[in-house]
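Here the structure is a predicted model, which means the values were calculated and not measured. Note on naming: letters A, B, ... go to the chains in the order of the sequence lines (proteins, then strands), and numbering restarts at 1 for each one.
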Amino acid sequence: MRYWLIKSEPDAYSIDDLARDKTTPWTGVRNYQARNFMRDQMKPGDQAFFYHSNCDEPAIVGIAEVSKAAYPDATQFDRNSKYFDDKATTDNPRWLHVDFRFVRKTPPLTLTELRRHKALAKMRLLAKGNRLSITPVDPAEWQYIIGLLK
DNA sequence: GCCAACGTTGGC
DNA sequence: GCCAACGTTGGC
């Protein structure tokens with residue numbers, strides 16, 4: 001079982017949206033590294049921190065769980081979607097995604113707060129210039145953050 | 001709104 | 001294979 005951190009802009013899809021939907025297909029990822037994490041490493045049961053990015057208060061705001069392993073992203077074939085990709089074919093889809101299930105909301109754990117902890121200094125999220133929307137989280141980091149959320 | 005950092009594209 | 005140009009991300 002692995003641990004992850006997934007980013008979402010709350011204006012686009014927030015933790016409350018996931019709480020309402022219960023599960024959601026994590027479509028629209030158009031970055032190869034992020035895709036590869038989903039395709040090659042994510043398994044049902046994997047746990048993820050849900051992080052709000054590009055907003056007033058960037059923060060971990062909840063926990064989600066992989067509920068379905070990677071499968072082709074339908075939006076790549078939809079000409080009306082902003083995620084349409086004319087190089088993708090049904091025989092050879094370029095983009096895949098997993099589904100996430102809502103686990104729980106947490107008190108917001110802000111980026112500023114995360115940066116205060118030495119134990120988290122190596123987190124990919126905190127690395128300078130990091131833009132990756134899906135990043136692995138070490139088990140030790142996961143446990144440490146769970147502790148902060150209590 | 002600004003801008004640094006990063007990923008992708010495409011000409012050569 | 002190199003690298004300039006461009007588009008995007010995301011904190012501030």
Side-chain angles (χ1 to χ4, degrees), chain A residues 2-21 23-42 46-66 69-138 140-142 144-149:
Chain A
R2 287 186 162 93
Y3 299 102
W4 307 92
L5 182 141
I6 57 174
K7 294 184 191 173
S8 188
E9 300 188 14
D11 289 348
Y13 196 82
S14 71
I15 189 69
D16 289 322
D17 292 326
L18 183 60
R20 177 198 63 215
D21 295 343
T23 73
T24 197
W26 208 246
T27 54
V29 172
R30 294 295 181 268
N31 170 283
Y32 291 107
Q33 261 186 285
R35 179 204 65 182
N36 293 348
F37 284 140
M38 289 196 284
R39 186 190 61 190
D40 303 335
Q41 297 191 33
M42 279 193 191
D46 282 11
Q47 303 282 113
F49 291 125
F50 194 106
Y51 176 88
H52 281 171
S53 66
N54 200 14
C55 56
D56 286 349
E57 191 184 70
I60 289 171
V61 292
I63 294 175
E65 178 180 306
V66 176
Y71 60 102
D73 184 335
T75 64
Q76 70 194 305
F77 307 123
D78 177 2
R79 286 195 171 273
N80 297 318
S81 169
K82 71 172 188 172
Y83 298 114
F84 176 71
D85 184 340
D86 64 3
K87 297 203 180 66
T89 63
T90 44
D91 282 348
N92 191 15
R94 191 184 264 207
W95 305 109
L96 298 92
H97 65 87
V98 300
D99 288 356
F100 282 105
R101 173 193 302 130
F102 177 74
V103 175
R104 65 183 172 99
K105 289 180 70 168
T106 66
L109 182 54
T110 64
L111 182 59
T112 310
E113 175 67 16
L114 289 166
R115 288 195 194 285
R116 291 185 53 244
H117 295 270
K118 259 214 178 94
L120 305 176
K122 294 214 176 83
M123 281 187 82
R124 185 82 179 259
L125 174 73
L126 306 181
K128 190 178 175 183
N130 170 61
R131 301 187 313 166
L132 200 51
S133 65
I134 297 175
T135 50
V137 174
D138 284 351
E141 293 167 345
W142 178 274
Y144 186 90
I145 292 171
I146 292 291
L148 295 178
L149 292 171

K.L.:
Quick one: sort the A:Y13 and A:F50 rings into parallel, tilted or perpendicular, breaks at 30° and 60°.
P.N.:
tilted
K.L.:
Can you tell me if the side-chain N/O atoms of A:Y51 get under 4.0 Å from OP1 or OP2 in C:dG11?
P.N.:
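Affirmative; the distance criterion is met.
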K.L.:
For A:S14, is there any backbone N or O sitting under 3.5 Å from a side-chain donor or acceptor partner on A:D17?
P.N.:
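Such a contact is found between A:D17 side chain and A:S14 backbone.
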K.L.:
Indicate yes or no: does A:D85 engage A:R30 in a salt bridge with an N to O separation below 4.0 Å.
P.N.:
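Salt bridge absent between A:D85 and A:R30.
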K.L.:
Considering heavy-atom distances to DNA chain B, does A:R94 or A:N54 have its closest nucleotide positioned more toward the 5' end?
P.N.:
A:N54
K.L.:
Between A:D138 and A:A140, is there a donor-acceptor pair closer than 3.5 Å when you use the side chain of the first and the backbone of the second?
P.N.:
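Not a single qualifying donor-acceptor pair exists.
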K.L.:
Using the benzene-type ring in the case of Trp, are the ring centres of A:Y83 and A:W95 under 6.0 Å apart?
P.N.:
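Ring centres of A:W95 and A:Y83 not closer than 6.0 Å.
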K.L.:
Tell me the interatomic distance from A:E113, atom CD, to C:dG11, atom P, rounded to whole angstroms.
P.N.:
16 Å
K.L.:
What pairs of nitrogen or oxygen atoms, one from the protein and one from nucleotides 3-5 of chain B, lie under 3.5 Å apart?
P.N.:
| residue | atom | partner | partner atom | Å |
| --- | --- | --- | --- | --- |
| B:dA5 | OP1 | A:K128 | NZ | 2.9 |

K.L.:
Can you tell me how far C1' of B:dT8 sits from CG of A:L132, to the nearest Å?
P.N.:
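Nearest whole value for this atom pair: 15 Å.
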K.L.:
Tell me if a side-chain donor or acceptor on A:T106 pairs with a main-chain N or O of A:G62 at a distance below 3.5 Å.
P.N.:
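Yes: the side chain of A:T106 pairs with the backbone of A:G62.
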K.L.:
Suppose we call two aromatic rings close when their centres sit under 6.0 Å apart. Are A:W4 and A:F37 close by that rule?
P.N.:
yes
K.L.:
How many whole angstroms separate atom CD1 of A:I134 from atom P of B:dG7?
P.N.:
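The answer, rounded to whole Å, is 15 Å.
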K.L.:
Separation of A:Y83 atom OH from C:dG7 atom P, in whole Å?
P.N.:
18 Å
K.L.:
Between P on C:dT9 and CG on A:L125, what's the gap in Å once rounded to a whole number?
P.N.:
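Nearest whole value for this atom pair: 16 Å.
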K.L.:
Round to a whole Å and report the spacing from CD of A:E57 to P of C:dG11.
P.N.:
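Distance, rounded to whole Å: 12 Å.
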K.L.:
Would you mind reporting whether A:I145 and A:L149 have side-chain heavy atoms less than 4.5 Å apart?
P.N.:
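A side-chain contact exists here, since the closest heavy-atom pair is under 4.5 Å.
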K.L.:
Expressed as a whole number of angstroms, how long is the span from A:R35:CZ to B:dT8:P?
P.N.:
10 Å
K.L.:
Is A:D73 paired with A:R35 through a side-chain N to carboxylate O contact shorter than 4.0 Å?
P.N.:
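No salt bridge links A:R35 with A:D73.
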K.L.:
Rounded to whole angstroms, how far apart are CD on A:Q33 and P on C:dT8?
P.N.:
19 Å
K.L.:
Using five pairs at either end of the helix from B:dG1-C:dC12 to B:dC12-C:dG1, determine the angle between the two local helix axes and round it to 10 degrees.
P.N.:
10°
